Every structure is written in C-alpha cells, then in structure tokens.
Protein chains: 2
Amino acid sequence: MGRMKIQNSPTIRRMPSYLHKLFNMRLEGKTHVSTTELAKYMNIELIVVRKDIALTGIAGLRRVGYNINDLIDYIKSYLGWTKTFSACLIGAGALGTAILGYEDFVNYGLNIGSVFDCSDKKIGTSIHGREVYDIETIGQRFKHYHPDMAIICVSNTAAQAVTDKIIQLGIHYIWNFANVCLQVPPKVIVQREVLAGGLATLTVKMKHMDEHVEDKPIETKK
Amino acid sequence: MGRMKIQNSPTIRRMPSYLHKLFNMRLEGKTHVSTTELAKYMNIELIVVRKDIALTGIAGLRRVGYNINDLIDYIKSYLGWTKTFSACLIGAGALGTAILGYEDFVNYGLNIGSVFDCSDKKIGTSIHGREVYDIETIGQRFKHYHPDMAIICVSNTAAQAVTDKIIQLGIHYIWNFANVCLQVPPKVIVQREVLAGGLATLTVKMKHMDEHVEDKPIETKK
DNA sequence: TAGATTGTTAATCGATTAACAATC
DNA sequence: TAGATTGTTAATCGATTAACAATC
C-alpha cells in the first residue's frame with residue numbers, strides 16, 4: 001500500500017544545506033567533495049553526513065570523495081527537485097517579501113510566478129521584480145497559470161479563509177507560514193513552518209546549560 | 001555528566017503550537033482542554049499529543065482533561081519559558097521586520113529590545129515601534145543593555161562577520177536566519193533556521209504522491 | 001606504504017505507535 | 001451505566017552512533 005509517512009525526517013531537512021554548500025563549491029571550481037568537508041561546514045558528525053549521502057544512492061570514490069555535479073543531481077533527485085515547481089505567494093507583507101528575496105529557491109527549482117495581496121497599498125506594486133495582484137482576481141489568473149503549490153504569508157486571521165479559497169481553486173500543496181493549523185481536506189498536504197519551534201529548541205538548550213553550569217564545560221564532539 | 005544532546009526534538013518543536021492554542025482557548029474563557037481537542041487542532045495523532053503533554057509532568061483529570069492555566073505553566077516550564085529572554089535583532093530587512101512583527105513572542109517571553117542595521121536608509125527609522133541603531137554602535141549599546149541572545153537576519157555574506165563581532169561582545173546564543181552555517185567556538189550555541197528544509201519536506205511528499213498515484217487514495221488517519 | 005576516505009553491518013537510542021488499565 | 005478521558009506499559013520503527021572492512 002502507499003506509505004504516506006515521511007513526517008519530518010531530519011535527513012530531508014539537511015539535504016538543502018548540503019546542496020547550498022555544493023553549489024558554492026562548484027562556483028569555486030571544485031569538482032569533488034568529501035563527507036569530511038560537508039560535516040565540518042555543517043558542524044555535525046561525519047557519520048550523519050555519510051548516512052545522508054548514502055541514502056541518495058550515489059557511489060563515491062574512496063580517498064577522493066564524491067563528484068560534486070553527480071552529488072547535486074542525486075540529492076535533487078532524492079528531494080524530487082528534478083523538475084521545477086511553480087508557486088503562488090499569498091500575502092506580500094514583510095515575510096512574503098523576505099521569501100520572494102530568498103535567492104536559493106531558483107537553484108532549487110522553485111519558481112514563484114505570482115504574488116497576491118488584499119491591500120490597496122500593495123496591489124499593483126512590484127516586489128523583487130514581481131507584480132502584486134489583487135487576491136480577488138486569483139480565480140481568473142489561475143485559469144491561465146495554475147501553480148503547483150501556494151505559499152501562505154497572510155495574517156493568522158486571514159489564513160484559513162485564503163486556504164479554503166485556493167483549495168477550491170484546485171491547490172493541493174500548501175506551504176504555510178501563518179501561525180495557525182490550517183484545517184484542510186485529506187487530499188491537501190500542508191507544510192507548516194513554526195517560527196517558535198526554533199526558539200523553543202534554543203531556549204531548551206539554554207535551560208540545560210544553566211542547569212549544568214557546575215558540570216564539566218560542554219560535551220562537544222570529539 | 002551533563003548531557004548536551006536535545007538535537008531537534010519534534011516534541012519540543014510542537015510545544016509552542018500547543019501553547020498558542022491554549023492562549024486562544026483561555027481568551028475564549030475555557031478552563032479545561034483535552035488532548036483530543038489539541039490533536040484535532042494540530043491535525044496529528046491523539047497519542048502524540050498525550051505523550052507530549054505527559055512529558056511536561058502535568059497531572060490531568062480523567063474524563064475532563066487538563067486545566068488550561070496549569071498546562072500553560074507546565075509547558076512553559078518544560079521549555080524554560082518561565083523567565084523572559086532579551087534579544088537583539090541584527091538586520092532590519094524584510095525578514096527582520098517580519099520577526100519584529102511576530103505577535104506571539106510576547107507571550108513566549110521573548111523581548112526583542114534592540115535592532116541593528118548597517119544601512120543609512122534603515123538607521124534611525126522605527127520598525128514596529130523599535131528604533132533601528134547603527135550596527136557600529138553595538139559595542140557601546142551592549143554596555144548598557146546586554147541581551148541573552150542575538151537574532152541574525154542579515155545577508156548570507158554579512159552573517160559570519162556579524163557573528164564574530166557579537167561573540168566577541170559576549171553573546172552565547174544565536175538564532176540564525178541567514179542561509180549559512182555559522183562557524184562558532186564550542187561554547188556558543190546556534191539555532192539555525194533553514195527555510196528550504198520545509199520546502200524539501202513538502203516536495204518529498206509531492207514526489208511520493210506522484211509515485212503512488214495508482215495506489216489507493218492516501219493513507220490518512222483512522 | 002600509510003592514511004584518508006567510502007562502504008557496510010550492527011548497536012543504541014529516542015520517538016512513534018499500539019494496547020489496555022484506571023476512573024470520573 | 002457507558003463513554004470519554006487520562007495513565008501506563010510494551011512494541012515498533014527509524015535515526016543516530018559505533019565499529020570495522022575495503023581500497024585508491
């Protein structure tokens with residue numbers, strides 16, 4: 001039967017960071033990379049990188065490492081980034097603007113083709129080279145250009161209504177930056193970003209540091 | 001010895017979402033909540049919520065649920081959110097502005113007390129009620145107000161230099177939104193947010209959906 | 001050669017899931 | 001009572017970690 005778990009795999013979340021480093025190394029003219037280098041860059045254990053890379057199915061060269069171009073292709077393939085994805089961004093506030101300015105998306109094959117907002121101040125203006133459309137016209141525009149996914153950057157209060165609307169228009173994949181749990185039908189997949197999750201991770205570490213202040217320094221890697 | 005792992009615990013990352021819901025319920029005048037309600041809101045399995053809540057150490061009332069005020073306190077305590085944290089935000093671009101506008105931080109005890117930027121266009125302006133200071137003055141200002149952590153929202157190219165600077169000024173905790181792996185001494189703890197990690201999670205799900213299109217619909221929860 | 005690196009297998013650990021008891 | 005809910009224990013699963021073999 002069709003397994004549908006893939007919850008929040010840390011491996012998957014690390015892949016784009018490897019990719020980012022590999023792009024930079026390629027720009028520097030390098031042709032090969034070792035897991036040692038990647039681990040050093042990422043500040044994580046060598047074996048973690050080894051396992052991640054192995055999952056992509058690539059074969060390396062002992063004593064040399066992996067061919068950078070090949071590794072990029074294998075990671076992209078693992079993530080499903082072999083084709084491009086089209087997206088519409090809804091909500092052209094500060095967060096939406098930040099996402100539009102995120103440079104790596106081009107390398108990852110994410111193409112944000114349209115931007116929508118409900119504010120008269122925003123509609124008609126241009127952000128990072130993209131015109132902001134009236135959200136009221138979204139139905140019309142989707143007839144000519146139907147994106148693979150929607151990126152939601154509207155206020156918490158507006159998020160559910162916008163979501164209902166775009167699902168009606170046939171959107172199946174949603175990347176949600178609003179701080180609410182969207183209620184959607186089973187066929188729709190939502191990836192929610194919770195800003196405060198990172199804060200929680202950080203403060204828990206702070207708490208543990210405080211509590212173990214009398215212990216030995218810190219357990220770092222060997 | 002002082003365990004220092006706590007990598008990326010999904011439990012910890014879910015806690016702020018529970019908290020967010022609990023605050024809303026309290027505003028609605030509710031006094032108790034069941035894990036059933038929380039699971040429904042979060043769109044996750046009941047047992048996951050039960051385990052998470054149990055980890056906080058709170059005792060519930062069978063057939064009734066948990067006292068909302070108590071649960072808020074237990075979760076806050078679990079996350080180390082019993083005291084407030086002071087932070088400085090570095091980089092007043094779109095992303096920095098978005099973070100300054102994130103309303104829940106007040107509830108979480110995060111107080112962003114100062115904002116720094118290097119651009120003449122930004123310095124002296126006010127964002128969400130906070131004046132933007134010249135990054136060059138950060139050393140001076142830290143003498144009067146030394147934050148617990150720094151939130152880095154500068155460009156990828158500027159991030160490492162800014163990091164070196166603030167570590168020199170005594171910052172030990174960094175919340176990094178720039179798309180680089182910061183190199184820091186062992187004592188410094190960095191929480192990195194990788195935007196593309198969420199995208200990867202979403203696209204992998206898309207890929208699996210495509211591959212299993214001929215299978216039964218989707219495996220949703222029972 | 002010696003050493004750096006990949007490849008492979010097994011052990012450990014923690015999160016998720018399942019099953020059922022307790023009880024108001 | 002019956003049913004909703006918490007509480008508890010065990011099973012499963014997957015990620016991390018460890019150990020060592022292979023080899024250029």
Side-chain angles (χ1 to χ4, degrees), chain A residues 1 3-15 17-18 25 30-68 70-71 74-75 78 197 200-201 204 208 219-222, chain B residues 1 3-15 17-18 25 30-68 70-71 74-75 78 197 200-201 204 208 219-222:
Chain A
M1 77 219 101
R3 326 225 88 214
M4 193 54 217
K5 273 295 128 82
I6 330 154
Q7 298 281 24
N8 225 354
S9 165
T11 294
I12 292 168
R13 297 195 77 97
R14 281 190 294 265
M15 290 295 183
S17 298
Y18 298 135
M25 293 181 75
K30 305 221 176 89
T31 59
H32 288 80
V33 62
S34 70
T35 48
T36 317
E37 280 174 278
L38 288 174
K40 202 167 180 186
Y41 168 71
M42 298 270 287
N43 290 315
I44 57 179
E45 295 288 344
L46 177 61
I47 184 71
V48 174
V49 181
R50 295 257 303 283
K51 280 290 176 189
D52 287 345
I53 301 302
L55 270 175
T56 67
I58 195 176
L61 293 166
R62 292 176 209 245
R63 229 174 67 97
V64 177
Y66 301 87
N67 177 281
I68 289 182
D70 288 351
L71 185 50
Y74 271 86
I75 292 178
Y78 184 82
T201 308
V204 167
H208 281 246
E219 177 189 314
T220 54
K221 9 198 133 141
K222 280 162 284 190
Chain B
M1 77 219 108
R3 326 224 89 215
M4 193 53 218
K5 272 296 129 82
I6 331 153
Q7 298 282 25
N8 223 352
S9 164
T11 294
I12 292 169
R13 297 196 77 98
R14 282 190 295 264
M15 290 294 184
S17 299
Y18 299 135
M25 292 181 75
K30 305 221 175 88
T31 59
H32 287 79
V33 63
S34 70
T35 47
T36 317
E37 281 172 279
L38 288 175
K40 202 168 179 185
Y41 168 71
M42 298 271 286
N43 291 313
I44 57 179
E45 296 287 343
L46 178 60
I47 185 71
V48 175
V49 181
R50 294 256 302 285
K51 281 290 175 188
D52 287 346
I53 301 302
L55 271 175
T56 67
I58 195 177
L61 294 165
R62 292 176 210 246
R63 230 175 67 97
V64 176
Y66 302 86
N67 178 281
I68 288 180
D70 288 351
L71 186 50
Y74 271 86
I75 293 178
Y78 183 81
T201 308
V204 168
H208 280 247
E219 179 189 313
T220 53
K221 6 197 139 140
K222 279 162 286 193

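Only this structure's heavy atoms are used, side chains among them; waters, hydrogens and symmetry mates stay out. Just so we're on the same page: letters track the sequence lines, and every chain starts at 1. Because the structure is predicted, anything quoted here is derived from the model rather than measured.
Using a 4.0 Å heavy-atom cutoff across all strands shown, Ala59(A) reaches sugar-phosphate atoms only and no base atom.
Taking every heavy atom of both residues into account, Glu37(A) and His32(A) meet most closely at OE1-O, 4.2 Å. Listed here is the closest heavy atom pair of Tyr66(B) and Leu71(B): CB-CD2, 4.2 Å.
Listed for the Thr56(B) side chain is no donor-acceptor partner under 3.5 Å among the backbone atoms of Asp52(B).
If you check dA19(C), dG7(C), dT6(D) against the side chain of Thr35(B), the one that comes closest is dT6(D). When distances are taken from the side chain of Thr36(B) to each of dA19(C), dT16(C), dT5(D), the shortest belongs to dT5(D). The nucleotide whose nearest atom lies closest to any side-chain atom of Ile47(B) is, among dT6(C), dA15(C), dT8(D), dT8(D).
For Tyr74(B) and dT6(D), the OH to P distance is 15 Å, given to the nearest whole Å. Atom CG in Asp70(A) sits about 14 Å away from atom P in dT6(C), given to the nearest Å. Following rounding to the nearest Å, Ile53(A) (CD1) and dT16(D) (P) show an atom-to-atom distance of 13 Å. Straight-line distance from the CE atom of Met15(B) to the C1' atom of dA15(C): 13 Å, rounded to whole Å. Separating the CG atom of Leu46(B) from the P atom of dG7(D) is a distance of 13 Å, rounded to the nearest angstrom. In this entry the distance linking CZ of Arg13(B) with C1' of dA15(C) reads 15 Å, nearest Å. In this structure, the CG atom of Leu38(B) is 13 Å from the C1' atom of dT6(D), given to the nearest Å. Between Ile12(B) atom CD1 and dA15(C) atom C1' there is a gap of 12 Å when expressed in whole angstrom units.
Side-chain N/O atoms of Arg62(B) and base N/O atoms of dT6(D) include a donor-acceptor pair closer than 3.5 Å. Contact annotation: side chain of Arg63(A) to base of dC24(D), donor-acceptor pair present below 3.5 Å. Between the base of dG7(C) and the side chain of Arg50(A) there is a donor-acceptor pair shorter than 3.5 Å. Judged by distance alone with a 3.5 Å cut-off, no donor-acceptor contact links the side chain of Lys51(B) to the base of dT6(D).
For the atom pair Thr201(A) OG1 and Ile12(B) CD1, the distance stands at 6.0 Å (nearest 0.5 Å).
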Evaluate side chain to side chain contact (heavy atoms under 4.5 Å, CB included) for Ile44(B) paired with Arg14(B), printing each intermediate quantity in order. CA-CA 10 Å; Ile44(B) 57 179; Arg14(B) 282 190 295 264; 3.8 Å; yes

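Heavy-atom distances to DNA chain D give each of Leu61(A) and Asp52(A) a nearest nucleotide, and the one nearer the 5′ end belongs to Asp52(A).
Base-pair partner of dA4(C): dT23(D) (Watson-Crick or G-U wobble, both distances under 3.5 Å). When both distances must be under 3.5 Å, the Watson-Crick or G-U wobble mate of dA18(C) is dT9(D).
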